[in-house]
Amino acid sequence: MRESLEQTGGLKVPSRIPLHVRRGRRQKDGEEGPFGPDSEPLEEQRADFYESSPVPQIVCHRSGRVYSLNRAARDLLGRSGSSILGRPLQGFLSRPDGRRFETFLEEVLAGEGGAGLEVRLEAEPSRVQEVALEGSPGGPMGDGEGLVLLAARDVTRQRAAEEIRYRGERALRALNATNQAVRWAPDEGTLLQEICHFLVRGAGYTLAWIGEPAGEDGEPIRVLASADLDGCLERIQDPIAWGFLPHGRGPFGRALETGKPAMVANVAMDPQYDLWGEQAAGQRFRSVLAVPLQDERRVHGVLCIYAEEAAAFDAYELNMLCRLADETANAMASFRAREAQHRAERERDRLLELLNATPDAVAIADPLGEILYANPGAFRMAGRSPSCDSGRAFLGDFLAPVAAERLRREGFPQAREAGLWRGEAALRDAEGQDIPVAMVVVAHKDGAGRVERFSVMAHDLSQFKSQQAELERVRRLVSLGELGSVLAHQLNQPLASAMNFAQGSLRRLEEPDEAGNIRFGLEQVVGYVRQAGEIVWGVRHFLRSGEPKARPMSLNSLIQRLTPDHLQGGMEAARLELDLQAELPQVQADPILLQECLSNLVRNAEEAIAARSAQEALEDKGVVTLRTRRYSRELVEVAVEDEGIGLPEDLREDPVQPLFTTKTGGMGLGISICRSIVESHGGRFWAAPNDPEPGTTFHLALPVCQEP
Ligand code: ADP
């Protein structure tokens with residue numbers, strides 16, 4: 001093969017100039033022009049023409065190896081001839097572009113290369129050049145076997161402009177679709193789903209989802225809507241983690257935290273997202289944008305959009321998507337406000353149902369007491385009908401005068417102060433009857449702390465009061481039963497004694513000179529009958545009033561009077577000792593009932609000692625000690641301590657068990673009566689084993705007499 005190329009400054013010049021290059025010349029076939037055959041040697045002219053052509057031209061071998069390239073091509077690629085000559089052009093292309101380029105060369109050489117080819121060439125300094133290639137077969141200088149002449153056109157700007165237009169259009173289309181959806185979507189869920197759907201199907205993004213933080217910081221996100229291309233959402237194992245990443249550093253987290261859009265230009269390259277790089281490898285997206293969905297008050301969520309290209313979101317597109325996000329956020333806010341309003345209305349309806357159904361009276365009044373609302377229960381309680389009440393009504397009109405006064409002095413001021421007042425009051429119904437009620441007054445205040453409304457609730461206590469009275473009656477009946485037993489118990493002794501003395505006196509009537517003894521006997525009868533009369537009087541009084549006839553009295557004096565004579569049958573098995581604290585305050589008590597109580601306890605103590613003596617065959621008498629002491633500021637205590645057998649097991653937990661007795665002929669009522677008596681004085685009654693044992697101590701504490 002003849003060497004048809006000549007070296008010109010390291011350049012190989014093609015012998016045949018392609019058509020489109022020739023078109024730039026004014027020369028036509030058969031015509032003489034400035035490059036005419038006689039003016040210069042043809043080869044040189046060609047070389048000059050090739051080298052100085054403004055059209056970048058590259059000559060390649062069939063394999064793609066670069067044979068030559070002119071200045072314009074060197075400029076286009078920003079490379080020197082030596083850095084590219086002899087190297088395959090595919091090395092400057094992406095792999096898919098490289099394969100397409102090889103096919104293209106084959107087609108050109110086969111005469112089918114009419115179509116051009118667009119590729120992205122790596123140029124210096126590191127940039128990418130979008131180039132449109134047109135190829136024609138032909139060896140240089142008339143011997144172009146296996147060579148292809150490529151005329152290159154820089155289409156970078158054109159493509160960039162198209163890209164911008166495309167991106168602008170897709171974002172604009174998405175914005176329009178959002179505007180439409182805001183108008184027709186019936187609820188938030190449908191709207192968000194529609195937006196995601198359109199971003200992917202209509203605007204061509206790879207994946208779009210909207211999420212909101214489900215809990216505290218670091219908690220998972222709740223996805224509100226999502227759409228993806230080719231099921232890519234499924235291929236992402238954990239899309240949420242991608243958006244959030246630890247410590248809120250993913251775009252979702254950043255957008256949420258800052259309230260500003262957050263972007264990742266290339267997930268595969270971003271060093272901050274190693275995690276992403278790994279997982280993003282098989283995905284159809286390179287860049288991510290997270291835009292906060294916020295109105296003036298708060299961030300409702302974040303819209304995450306994934307695009308196939310790296311650095312997909314330019315300023316214009318970002319602007320459009322931010323507007324889309326704002327539209328969405330406003331729509332979300334109004335959906336949520338509407339939902340909140342519906343909820344509030346439902347709550348209000350439920351509350352109204354409740355107010356209508358409750359038998360309690362509920363009223364709302366302004367700060368002056370004028371009633372603004374009253375529920376049916378209030379009308380029912382007041383015995384009025386809502387229809388016949390017209391004109392202004394005040395709370396005071398429905399209250400008994402005393403209750404109205406109490407509310408005025410105490411209820412409203414305290415509610416104003418503390419927000420709430422509770423107390424008893426009385427309503428006055430249409431017929432002038434007073435209804436006892438438990439009342440609650442609540443003050444509702446405005447932002448400045450001024451009372452706007454009072455709510456007043458009243459619960460009818462009539463039934464409760466009558467139940468209470470019934471209870472009191474039952475309690476008295478129980479006491480009556482107990483006191484009946486006391487009577488039987490206590491009257492037994494004076495009546496038996498009176499009987500003895502009366503019979504003795506009768507017997508002596510038959511005998512002479514017995515007038516003195518008969519007198520003594522009859523005096524004893526009178527004394528015992530009087531004692532019985534006093535007991536009956538005390539009990540009658542207790543039954544009548546329900547309360548003992550209490551008066552200030554000294555416990556020490558009462559105890560000192562309580563000699564064995566006052567105790568039934570005297571004290572045979574035990575010795576009585578007194579341990580009385582000096583200068584005790586007086587107590588408020590009924591001396592007769594108290595005496596009965598103490599007699600009972602001392603008698604039990606003695607019997608316990610007797611039982612122990614019998615059991616343990618003791619020779620000495622046991623001791624019963626009566627002590628007094630100041631128990632607390634309010635109470636004075638009497639303790640009856642014995643050295644007896646101790647409480648039976650059944651009474652150890654609770655010594656007050658009516659009708660429980662361990663004695664033959666016992667009634668098991670003494671202790672319950674003692675407790676009734678002490679408690680009816682407002683005192684306390686209890687018992688405990690001695691520590692150390694043996695024996696038991698019964699305690700009663702009575703209220704100190706209040707200074708007048
Ligand atoms: P009664 O004396 O008629 O049995 P009480 O109610 O006075 O009725 O006493 C009930 C029971 O409590 C007695 O049978 C006795 O077993 C026990 N008890 C009362 N006082 C004492 C005491 N000081 N020591 C031991 N047991 C007692």
Side-chain angles (χ1 to χ4, degrees), residues 475 478-496 535 539 542 559 562 564 566-579 592-618 620-628 637-681 683-701:
R475 198 181 69 79
V478 172
S479 302
L480 185 73
E482 285 177 352
L483 287 169
S485 309
V486 168
L487 275 180
H489 212 64
Q490 300 303 319
L491 291 180
N492 200 26
Q493 188 260 331
L495 290 179
I535 291 171
V539 170
F542 181 78
I559 289 168
L562 195 73
H566 286 96
L567 305 167
Q568 191 185 24
M571 289 274 279
E572 282 168 9
R575 212 155 31 82
L576 186 67
E577 281 187 7
L578 304 182
D579 174 10
I592 292 179
L593 292 177
L594 217 53
Q595 184 177 314
E596 288 310 319
C597 183
L598 288 174
S599 307
N600 236 324
L601 294 179
V602 172
R603 192 171 51 256
N604 275 349
E606 192 209 357
E607 284 168 359
I609 287 170
R612 180 165 162 244
S613 300
Q615 199 174 60
E616 298 176 20
L618 300 176
D620 292 344
K621 276 189 170 186
V623 178
V624 178
T625 313
L626 273 170
R627 291 180 210 292
T628 55
E637 179 197 341
V638 185
V640 181
E641 185 185 312
D642 65 52
E643 296 174 342
I645 193 160
L647 284 171
E649 205 55 46
D650 289 349
L651 297 185
R652 290 222 158 194
E653 282 246 312
D654 177 12
V656 186
Q657 295 193 23
L659 303 180
F660 178 91
T661 183
T662 52
K663 301 167 193 165
T664 2
M667 294 177 70
L669 280 167
I671 293 177
S672 0
I673 290 168
C674 285
R675 190 183 62 175
S676 291
I677 290 173
V678 172
E679 289 183 352
S680 70
H681 281 81
R684 285 184 54 201
F685 181 84
W686 71 104
N690 291 341
D691 185 17
E693 286 184 298
T696 312
T697 303
F698 279 81
H699 305 259
L700 51 100

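Both counts, for ligands and for their atoms, begin at 1 and track the order of listing.
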Check: Looking only at heavy atoms of Gly646, does any of them come nearer than 4.0 Å to an atom of ligand 1?
Finding: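 Yes; Gly646 lies near enough to ligand 1 that a heavy-atom distance drops under 4.0 Å.
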Between [atom1] of [X] and [atom2] of [Y], what distance do you get to the nearest 0.5 Å?
| X | Y | atom1 | atom2 | value |
| --- | --- | --- | --- | --- |
| Phe698 | Leu647 | CZ | CG | 5.0 Å |
| Glu637 | Leu700 | CD | CG | 8.0 Å |
| Asn600 | Gln595 | CG | CD | 11.5 Å |
| Glu643 | Thr697 | CD | OG1 | 10.0 Å |

Relative to ligand 1, is [X] under 4.0 angstrom through side chain, backbone, both or neither, heavy atoms considered?
| X | result |
| --- | --- |
| Thr696 | side chain |
| Asp642 | side chain |
| Leu651 | side chain |

Next item on the list: May I ask you to list the atoms of ligand 1 that are less than 4.0 angstrom from any heavy atom of Ala608?
Entry: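 Close to Ala608: 22 (C), 24 (N), 25 (C).
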Checklist line | Under 4.0 Å to a heavy atom of Ile671 - the qualifying atoms of ligand 1, by number | finding: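 What qualifies from ligand 1 is 5 (P), 6 (O), 7 (O), 9 (O), 12 (O), 19 (C).
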Minimum heavy-atom distance [X]-[Y], with the two atoms named:
| X | Y | value |
| --- | --- | --- |
| Leu576 | Leu626 | CD1-CD1, 4.0 Å |
| Asp642 | Ala608 | OD2-CB, 4.4 Å |
| Ala574 | Glu606 | CB-CG, 3.6 Å |

Notebook entry, point to check: For ligand 1, is there an N or O atom under 3.5 Å from any N or O atom of Glu607?
Noted result: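 In fact, backbone or side chain, Glu607 has no N or O that close.
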Margin query: Polar contacts were defined as any N/O atom of the residue lying under 3.5 Å from an N/O atom of the ligand; does this apply to Gly670 and ligand 1?
Written below: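 Yes.
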Next item on the list: Can you figure out which of Ile673, Asn604, Asn600, Asp650 has its heavy atom closest to atom 20 (N) of ligand 1?
Entry: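 Of the listed residues, Asn604 has the closest heavy atom.
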